[in-house]
Amino acid sequence: MILVLFGASGSGKGTQAEFLKKDFNARHFSVGSYLRDLIASGSEMGEYIANIINKGELVPDEKITDIVLKELDKLINLGKDAKDIILLDGYPRSLKQANSLSAFCAERKEQFFVINIEVDEDFLVDRLSSRVNCIKCSAPFTIDNSKVCPFCGSSEYFKRDDDSKESAIKQRLTNYKNVMHDVLSFFDDKKIFIIDGNSDINEVKKRIAKVVNKLKENV
Ligand code: AMP
C-alpha cells in the first residue's frame, strides 16, 4: 500500500518518514530529496530544477509526475505483499498530480491512503528556520545543543537553500495553502487520516503508528 505523507513544508513529513522506515520497514520516496540529488549531480536538468526550488516554486506537473511514477513503479516492483508500505513524501502537490496518482494506483491495483499532518503556520516558519539536513542520511532535523542527526548520529549537516531564504519559505507555504483544499477534497474522506502535528515528534510518531497499524490490520 502507498501512504502519501501530506502536509506543508516543515510539517514533519521527512522526520516521520524516517521513523516509519525504521519501525515498519517502509520503502520511501521523497520527491524533494530526489530533486536535491539531481541538483547536486550538476546536470543541466539539475540547474533547471535548482532555479525553481530556490524560489520556493513548484516543478511543472508533467516533469514531476514522470519522475514520481517511474520511481514508484520501481518501489512497487521490489515486492508485492499488500502489507508492504511505500511512503510517498512530497507528492501530490496539485490537483493534476492527485489525478495522476489516483489513475496510477488504480491501474497498478495499489491501495493508497493519505496521512495529512496538520501544523499551525507560526510553528512551521519556526521549524523551517531551524531545520537542517544530515549530510550522511539526508534526514531533516532541528538543531539543538547536541547538533547530531537523531537518525544516524552524524554531526555533519547542511542547511537547504530554500530553508535559508525567507521569501522561499513564504512562497512554499503560500503554494501549500493554495492547493491543499483542492488536493484533499479530490480524495475520498475514508482515505485521509488527519494527524495533529503540533506536538513533540515522538507524540506525532505514536499517532501515525496507530493509523498505520490499523491500516495494516485491514488489508
Ligand atoms: P520538499 O523537500 O518536499 O520540501 O520539496 C522541495 C521542493 O521541491 C519544493 O519546494 C518544490 O520546489 C519541489 N517539489 C517537491 N515536490 C514537488 C511536487 N510534487 N511538485 C512540484 N514540485 C515539487
Side-chain angles (χ1 to χ4, degrees), residues 1-17 20 28-36 38-39 48-72 86-107 110-129 131 140 160-198 204 208 211:
M1 90 182 91
I2 293 174
L3 294 186
V4 172
L5 295 172
F6 190 81
S9 293
S11 58
K13 301 186 296 291
T15 304
Q16 295 303 329
L20 290 164
H28 178 213
F29 181 63
S30 157
V31 184
S33 291
Y34 181 94
L35 297 177
R36 283 185 287 281
L38 211 55
I39 294 172
Y48 162 79
I49 301 279
N51 257 318
I52 298 175
I53 289 193
N54 292 341
K55 285 189 254 167
E57 291 170 0
L58 289 173
V59 177
D61 284 330
E62 291 71 22
K63 249 189 191 88
I64 213 78
T65 294
D66 198 41
I67 292 171
V68 171
L69 299 188
K70 268 189 199 134
E71 293 302 315
L72 262 188
I86 296 171
L87 302 170
L88 181 53
D89 165 359
Y91 187 97
R93 273 178 158 135
S94 72
L95 192 53
K96 232 175 168 181
Q97 294 179 15
N99 253 298
S100 301
L101 178 66
S102 182
F104 171 86
C105 289
E107 193 194 310
E110 270 295 318
Q111 290 210 69
F112 73 94
F113 300 93
V114 179
I115 308 270
N116 176 18
I117 309 176
E118 291 187 337
V119 177
D120 296 343
E121 191 166 332
D122 290 350
F123 209 17
L124 290 173
V125 175
D126 276 359
R127 275 195 197 169
L128 288 172
S129 315
R131 175 170 83 172
R160 282 169 46 174
D161 286 345
D162 58 344
D163 282 352
S164 307
K165 289 190 205 113
E166 203 185 316
S167 59
I169 291 180
K170 285 203 173 133
Q171 183 60 53
R172 280 142 73 204
L173 295 179
T174 304
N175 292 343
Y176 175 73
K177 279 193 281 186
N178 286 343
V179 303
M180 58 170 279
H181 290 297
D182 284 353
V183 172
L184 289 173
S185 46
F186 174 83
F187 298 119
D188 182 341
D189 277 352
K190 284 189 224 105
K191 285 196 176 295
I192 302 175
F193 297 86
I194 298 173
I195 302 289
D196 178 355
N198 289 297
V204 177
I208 294 179
V211 169

Just say parallel, tilted or perpendicular for the rings of Phe112 and Phe187, cut-offs at 30° and 60°.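 Geometry flag for Phe187 against Phe112: perpendicular rings.
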Under 3.5 Å donor-acceptor, Asp120 side chain and Asn198 backbone: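 Answer holds: no.
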Distance-only, no hydrogens or angles: does the Lys13 side chain make a donor-acceptor pair with backbone N or O of Gly7 under 3.5 Å?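 Judged by distance alone, yes, a pair lies under 3.5 Å.
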Taking side chain as C-beta onward, heavy atoms only, is [X] less than 4.5 Å from [Y]?
| X | Y | answer |
| --- | --- | --- |
| Ile52 | Pro60 | yes |
| Thr15 | Val204 | no |
| Leu35 | Ile67 | yes |
| Leu87 | Ile115 | no |
| Val211 | Leu3 | no |
| Ile53 | Arg172 | no |
| Asn175 | Arg93 | no |

Looking at every non-hydrogen atom in both residues, tell me the closest pair between [X] and [Y] and how far apart they are.
| X | Y | answer |
| --- | --- | --- |
| Arg127 | Gly12 | NH1-N, 4.0 Å |
| Ala98 | Pro92 | N-CB, 3.4 Å |
| Ala8 | Leu173 | CB-CD2, 4.1 Å |
| Asp89 | Ala17 | OD2-CB, 4.4 Å |
| Cys105 | Ile2 | SG-CD1, 3.8 Å |

Quick check for you: to the nearest 0.5 Å, what is the distance between [X] atom [atom1] and [Y] atom [atom2]?
| X | Y | atom1 | atom2 | answer |
| --- | --- | --- | --- | --- |
| Ile64 | Ser100 | CD1 | OG | 11.5 Å |
| Ile192 | Phe113 | CD1 | CZ | 11.5 Å |
| Leu69 | Gln97 | CG | CD | 9.5 Å |
| Arg160 | Leu128 | CZ | CG | 8.0 Å |
| Asp182 | Lys96 | CG | NZ | 14.0 Å |
| Thr174 | Ile169 | OG1 | CD1 | 11.5 Å |

When you look at Asp122 and Asp126, which way does the side-chain contact (heavy atoms from CB on, under 4.5 Å) test go after all the steps? CA-CA 6 Å; Asp122 290 350; Asp126 276 359; 5.8 Å; no
Hey, is CD on Glu57 packed in by over 12 heavy atoms from elsewhere, all under 6.0 Å?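 Yes - once you tally the heavy atoms of other residues, nucleotides and ligands closer than 6.0 Å, there are more than 12.
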Is Asp189 atom CG crowded by more than 12 heavy atoms from other residues, nucleotides or ligands, each under 6.0 Å away?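 No, CG of Asp189 has 12 or fewer neighbouring heavy atoms, counting only those of other groups under 6.0 Å.
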Checking side-chain contact (heavy atoms from CB on, under 4.5 Å) for the pair Phe104/Glu110: CA distance, chi angles, key distance, verdict? CA-CA 8 Å; Phe104 171 86; Glu110 270 295 318; 5.6 Å; no
Would you check, one step at a time, whether the test side-chain contact (heavy atoms from CB on, under 4.5 Å) holds for Lys165 with Gln171? CA-CA 10 Å; Lys165 289 190 205 113; Gln171 183 60 53; over 6 Å; no
Determine, step by step, whether Leu58 and Ser94 satisfy the side-chain contact (heavy atoms from CB on, under 4.5 Å) criterion, reporting the C-alpha distance in whole Å, the side-chain angles of both residues, the deciding distance to 0.1 Å, and the verdict. CA-CA 9 Å; Leu58 289 173; Ser94 72; 5.6 Å; no
If you take the centroid of each ring, where Trp contributes its six-membered ring, are Tyr91 and Phe29 closer together than 6.0 Å?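 Ring-ring flag for Phe29/Tyr91: false, centres at least 6.0 Å apart.
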